[in-house]
Amino acid sequence: MSFPFHIDILSLIFKGILIGIIASAPMGPVGILCVQRTLNKGRWYGFVTGIGAAVSDMIYALITGLGMSFVMDLIKNPHNSFVLQITASIILLIFGVYCFRANPTKNMHISGSKKGTLIHNGVTAFLVTFSNPLIIFMFMALFAQFTFVIPDHKFEMSIGFTGIVFGALLWWFGLTWLVDKVRGKFDNDGILLINKIIGAVVIVFSLVVLVGTIFNIYTFHY
């Protein structure tokens, strides 16, 4: 079913925002670095750290989108699309379970109290995030589940990718705001709690989508 142009754009923006939030939310090395810098240096140093991570994620999202555009003709087949969405849901479920059970504070990088420049904090966060290309697999699962890639629609896709950036920045802005507000009570247990909440949300989301896809009651197709 085809919707009017403006509804397609709104849908693509909404999907992009969700993808940006989900990809940014897990408390990996850069997430912990963001929290530590917010506590040690101030909220804006933490937010700039998030911006550096968002830039890296955007590069990997573009690489993933470009690669998936070459196989979209294959998955236009309803059977292939069904299998891909089921696979993507299972990958997201596994990721959610891993995120829920993981302890991101183990072997974490300790941020020093020396502030440095905002640019330096952003660049170092970019390098930390960019050194982990495994995020591509996360984007592949999210793009497949949300049917995000639309070949030969460069303008619409550029708006969708803008939504990913906005979603990522929204997450980092919200996280640094929360940490700054509760800085006197925030410790490693707080990091673990956030990670478990994120993992639980991803688990529930992936199960809902998985069951809905199996029974053909839930789909992100246009």
Side-chain angles (χ1 to χ4, degrees), residues 3 6-28 30-31 34 47 50-72 75 81 84-100 125-126 129-130 132-151 153-175 194-195 197-210 212-213 218-222:
F3 292 105
H6 69 281
I7 296 182
D8 281 348
I9 291 295
L10 291 177
S11 176
L12 205 57
I13 292 174
F14 179 69
K15 293 176 182 180
I17 291 173
L18 284 180
I19 290 172
I21 292 174
I22 294 174
S24 302
M27 294 298 292
V30 75
C34 176
F47 182 57
I51 292 177
V55 172
S56 174
D57 285 347
M58 188 63 203
I59 293 175
Y60 280 127
L62 288 171
I63 294 173
T64 306
L66 180 63
M68 290 190 70
S69 66
F70 291 110
V71 299
M72 286 306 293
I75 64 175
S81 179
L84 185 61
Q85 285 194 314
I86 291 294
T87 303
S89 297
I90 294 174
I91 291 175
L92 288 178
L93 176 60
I94 293 173
F95 170 77
V97 172
Y98 173 80
C99 185
F100 184 85
F126 168 83
T129 310
F130 198 71
N132 180 26
L134 294 179
I135 188 66
I136 287 179
F137 293 103
M138 169 60 71
F139 280 121
M140 288 177 62
L142 290 171
F143 285 3
Q145 187 57 70
F146 284 92
T147 319
F148 183 75
V149 178
I150 311 174
H153 288 78
K154 295 181 179 179
F155 175 73
E156 291 88 339
M157 286 306 303
S158 65
I159 294 178
F161 280 110
T162 300
I164 293 178
V165 175
F166 180 79
L169 294 180
L170 186 64
W171 167 259
W172 294 117
F173 186 86
L175 177 64
I194 290 178
N195 211 52
I197 292 174
I198 293 168
V201 170
V202 173
I203 290 172
V204 172
F205 172 79
S206 60
L207 286 175
V208 169
V209 174
L210 178 62
T213 302
Y218 189 83
T219 180
F220 279 107
H221 281 300
Y222 290 96

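It should be emphasised that the depicted structure is a prediction, and the values quoted were computed from it without experimental measurement.
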Looking at every non-hydrogen atom in both residues, tell me the closest pair between [X] and [Y] and how far apart they are.
X: I135; Y: A23; result: CD1-O, 4.1 Å
X: F146; Y: K15; result: O-NZ, 3.0 Å
X: V202; Y: G96; result: CG1-CA, 3.8 Å
X: L169; Y: F47; result: O-CE1, 3.7 Å
X: L12; Y: E156; result: CD2-O, 2.9 Å
X: I164; Y: A61; result: CD1-CB, 4.4 Å

Which value, rounded to the nearest 0.5 Å, describes the distance between [X] atom [atom1] and [Y] atom [atom2]?
X: T129; Y: M58; atom1: OG1; atom2: CE; value: 14.5 Å
X: D57; Y: L62; atom1: CG; atom2: CG; value: 11.0 Å
X: T64; Y: F143; atom1: OG1; atom2: CZ; value: 5.5 Å
X: I13; Y: L18; atom1: CD1; atom2: CG; value: 12.5 Å
X: T162; Y: M157; atom1: OG1; atom2: CE; value: 10.0 Å
X: I197; Y: F100; atom1: CD1; atom2: CZ; value: 10.0 Å

Next on the checklist: So if I apply the ring pair (Phe, Tyr, Trp, His ring centres under 6.0 Å) rule between F148 and each of F161, F139, F14, which one comes out positive?
Outcome noted: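 Of all the options given, the one that passes is F161.
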Next on the checklist: Is it true that, when you exclude F130 itself, more than 12 heavy atoms of the residues, nucleotides or ligands shown sit nearer than 6.0 Å to its CZ?
Outcome noted: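 It does: F130 CZ has more than 12 such atoms within range.
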Item to check | side chain to side chain contact (heavy atoms under 4.5 Å, CB included) between L92 and F205, worked out | outcome: CA-CA 9 Å; L92 288 178; F205 172 79; 4.1 Å; yes
Checklist entry - Do L142 and F95 come within less than 4.5 Å of each other through their side chains, counting heavy atoms only? => result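 Side chain of L142 against side chain of F95, heavy atoms only: no contact under 4.5 Å found.
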Checklist entry - Counting only N and O atoms by type, is there a donor-acceptor contact under 3.5 Å from the side chain of S56 to the main-chain atoms of A53? => result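 No: the side chain of S56 does not pair with the backbone of A53.
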Item to check | S24 side-chain N/O to I21 backbone N/O, donor-acceptor pair under 3.5 Å | outcome: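 Not at all, since once roles are kept as given, no pair shorter than 3.5 Å links the two residues.
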Item to check | Candidate pair I59 and F126, rule side chain to side chain contact (heavy atoms under 4.5 Å, CB included), full reasoning | outcome: CA-CA 11 Å; I59 293 175; F126 168 83; 3.7 Å; yes
